[in-house]
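In what follows, a single structure is set out as structure tokens and then discussed.
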Amino acid sequence: MHISHTTTTAVAPAEWITGDAWFETLASPDGLSRTQVDRVRFAPGARTVWHRHPLGQVLIVTEGTGLVQRRGGRIETIRVGDTVRIAPGEWHWHGATSTTAMTHLAVEEIPEDGAGSEAGDAVTDAEYHADHHTGTAGTAHSVTRSVLLDQPLPTPQNLHRVEIRRIAIAPGHAGGLHVHNCPVFGSIESGSVVYQVDGEPPTVLGSGDVFYEPKGVRIARFDAQDDGVTFLGYFLLDAGEAPEIEFPTARDSGQTS
């Protein structure tokens, strides 16, 4: 067994990347093992060139939101926790979205003869910005729109203002049972969280996911996972109202968010 507490970060080779990216080698072939594991970080807009691997590759997204495409296929969005299995010899590319950075682990087996991956042409701006919602290839789009949530409010809401907060929860911290005094909408910026309305099944939310916490409804869990979580919270408020959060099991039930 060998444990490494530090790794060396290097700039990804320009012949392999459009934009800015960095990588860390976490494991390399040694003895009978032929496994290579790299952690690759893409800045917004960065992506690989078209390329292929002799024995295929597995990508595991650990931060942010990215894109991946195989030759002849549509562009797919990938998020934290997603796994992509690329077939041997399959031409493909992957990288961050134009607005969000992305980090993934790249795992592959290296052939016994040491044959490496093959780099092809760069992914053009037209290819990168093709409409991956409809699968239309080769057409550039300046704007794409997707409905993430269409949530009716249960009763007429006297809305005077909306307060938006960026909230960060430390890795592993449990938000605990709580209730808001107003409707709250949220959008995960980075990291991941276990979210559960009391009496309903829990779900894991990652970067790009949205959620809704109704006024006066008990939220059983909002627990940051090992990567922590940062999100935007949108508080719908009446005139003179301030966001408040109550923890029914806490001694101080009037704590302000």
Side-chain angles (χ1 to χ4, degrees), residues 44 61-67 76-83 97-102 132-134 143-257:
V61 182
T62 59
E63 293 182 68
T65 304
L67 303 172
E76 302 285 354
T77 301
I78 51 177
R79 298 185 173 88
V80 173
D82 287 347
T83 300
T97 69
S98 59
T99 58
T100 308
M102 189 267 289
H132 56 279
H133 298 293
T134 63
V143 179
T144 58
R145 297 177 176 88
S146 300
V147 176
L148 301 181
L149 180 66
D150 185 0
Q151 177 65 55
L153 299 176
T155 57
Q157 177 74 24
N158 294 323
L159 180 61
H160 178 73
R161 66 188 182 93
V162 177
E163 184 172 303
I164 305 174
R165 298 182 176 186
R166 175 174 285 111
I167 302 171
I169 302 178
H173 180 75
L177 178 68
H178 63 276
V179 178
H180 287 285
N181 68 325
C182 64
V184 179
F185 290 83
S187 175
I188 306 297
E189 289 191 311
S190 63
S192 56
V193 66
V194 176
Y195 170 70
Q196 182 181 16
V197 176
D198 198 25
E200 298 183 6
T203 185
V204 177
L205 304 177
S207 177
D209 290 334
V210 296
F211 62 91
Y212 165 58
E213 298 189 7
K215 175 181 178 179
V217 171
R218 292 159 63 96
I219 305 302
R221 298 181 66 185
F222 200 87
D223 303 343
Q225 299 204 91
D226 292 342
D227 49 353
V229 67
T230 299
F231 64 96
L232 295 178
Y234 300 79
F235 297 80
L236 279 58
L237 301 166
D238 197 359
E241 189 176 32
E244 294 182 353
I245 184 171
E246 180 180 348
F247 298 93
T249 59
R251 181 174 300 175
D252 180 9
S253 61
Q255 180 176 345
T256 300
S257 172

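The analysis underlying the following values was restricted to heavy atoms, covering all of them including side chains, and did not include hydrogens, waters or symmetry mates.
The minimum heavy-atom distance linking Leu205 with Val210 is given by the pair CD2-O, 4.4 Å. Across Pro44 and Ser98, no two heavy atoms sit closer than the pair CB-O, 3.6 Å. In terms of heavy atoms, Phe211 sits closest to Leu149 at O-CD2, 4.2 Å. Closest approach of Phe235 to Pro243, counting heavy atoms only: CD2-CB, 3.6 Å. When every heavy atom of Ile78 is checked against every heavy atom of Leu67, the shortest pair comes out as CG1-N, 3.9 Å. Minimum heavy-atom separation, Tyr212 to Pro183: CE1-CB, 4.1 Å.
Looking at residues two or more places apart in sequence or on another chain, you find a side chain to side chain donor-acceptor pair (under 3.5 Å) between Arg221 and Asp223. Not counting sequence neighbours, the partners of Thr230 by the side-chain contact (heavy atoms from CB on, under 4.5 Å) test are Arg166, Ala168, Glu189, Ser190. In this view, Asp198 and Arg218 satisfy the side chain to side chain donor-acceptor pair (under 3.5 Å) rule, not counting sequence neighbours. Every side-chain contact (heavy atoms from CB on, under 4.5 Å) that Glu63 has, sequence neighbours left out, goes to Arg41, Thr103. The side chain to side chain donor-acceptor pair (under 3.5 Å) search around Glu163 returns Arg161, Arg165, not counting sequence neighbours. Not counting sequence neighbours, the partners of Ser192 by the side chain to side chain donor-acceptor pair (under 3.5 Å) test are Gln225, Asp227.
A distance of 11.0 Å separates NZ of Lys215 from CG of Leu236, quoted to the nearest 0.5 Å. To the nearest 0.5 Å, the span separating CZ on Phe231 from CD1 on Ile167 amounts to 4.0 Å. Between the SG atom in Cys182 and the CG atom in Leu159 there is a gap of 10.0 Å [rounded to 0.5 Å]. Considering OG1 of Thr62 and CZ of Arg79, their distance stands at 15.5 Å, rounded to 0.5 Å. Rounding to the nearest 0.5 angstrom, the gap separating the CG atom in Asp82 from the CD atom in Glu76 is 10.0 Å.
Of the possible polar contacts, none joining the Tyr195 side chain to the Ile219 backbone as a donor-acceptor pair under 3.5 Å is found. Distance alone, capped at 3.5 Å, is enough to place a donor-acceptor pair between the Gln196 side chain and the Glu200 backbone.
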Assess the residue pair Thr97 and Thr65 against the criterion (side-chain hydrogen bond (donor to acceptor under 3.5 Å, both in side chains)); give the C-alpha distance rounded to whole Å, side-chain angles, the decisive distance to 0.1 Å, and a yes or no.
CA-CA 6 Å; Thr97 69; Thr65 304; 6.0 Å; no
